[in-house]
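Just so you know, residue 1 is the first one in the sequence shown, and it goes up from there.
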Amino acid sequence: MKSLLIIISQSPLAGQNLLESLSAAMVMATYGVQIKILLTGDAIALLRTPIQTKTNTHIKSFKSAFSLVESFEFYDLVPILIDSKDFE
């Protein structure tokens, strides 16, 4: 069985790039590729629940990325590895 490590370091506000990366991981997992996800840097924010504020205009892309990460359990993409070196 093939195995692939995907390292995500983009902020949840990265927009379409991040959404495409997460979607690609889910598609590969659907077709039997063993996927491991490593969140590092700004991507660790994907584990936090999005909070809508009046000043946050990018909340839609954040919610989409957060929803994709939440659905990883249905694609056998858990556990998610976290690089805690820079995590506070």
Report task. Can you establish whether the number of heavy atoms outside F72 located under 6.0 Å from its atom CZ is more than 12? Result -> yes
Query - Non-hydrogen atoms of A65 and L46 that approach each other most closely - result: CB-CD2, 3.5 Å
Query - Nearest-0.5 Å distance, CD1 of residue I44 to OG of residue S11 - result: 12.0 Å
Report summary line: When rounded to the nearest 0.5 Å, the distance separating CD1 of I35 from CE of M28 is 4.5 Å
Query raised in the report: Going only through I, L, V, M, F, W and Y residues with side-chain contacts under 4.5 Å, is there a path from I82 to L4?
Result: yes
Query raised in the report: For F74, which residues count as a side chain to side chain contact (heavy atoms under 4.5 Å, CB included) partner, sequence neighbours excluded?
Result: S71
Report task. Would you please test I37 and V69 for side-chain contact (heavy atoms from CB on, under 4.5 Å) and show each step? Result -> CA-CA 10 Å; I37 304 286; V69 171; over 6 Å; no
**Report entry** Where L77 and A29 come nearest, the two heavy atoms and their spacing
**Finding:** CD2-CB, 3.8 Å
Requested in this report: Give a yes or no on whether L47 and M26 share a hydrophobic cluster (residues Ile, Leu, Val, Met, Phe, Trp, Tyr; joining criterion: side-chain heavy atoms under 4.5 Å apart).
Outcome: yes
**Report entry** Side-chain heavy-atom pair L22, I8 within 4.5 angstrom cut-off
**Finding:** yes
Requested in this report: Name all residues meeting the side chain to side chain contact (heavy atoms under 4.5 Å, CB included) criterion together with I7; count only those two or more places apart in sequence or in a different chain, and write none if there are none.
Outcome: L5, L38, T40
Report task. May I ask you to list the residues sharing a hydrophobic cluster with Y31, side-chain cutoff 4.5 Å, ordered by chain and number? Result -> V27
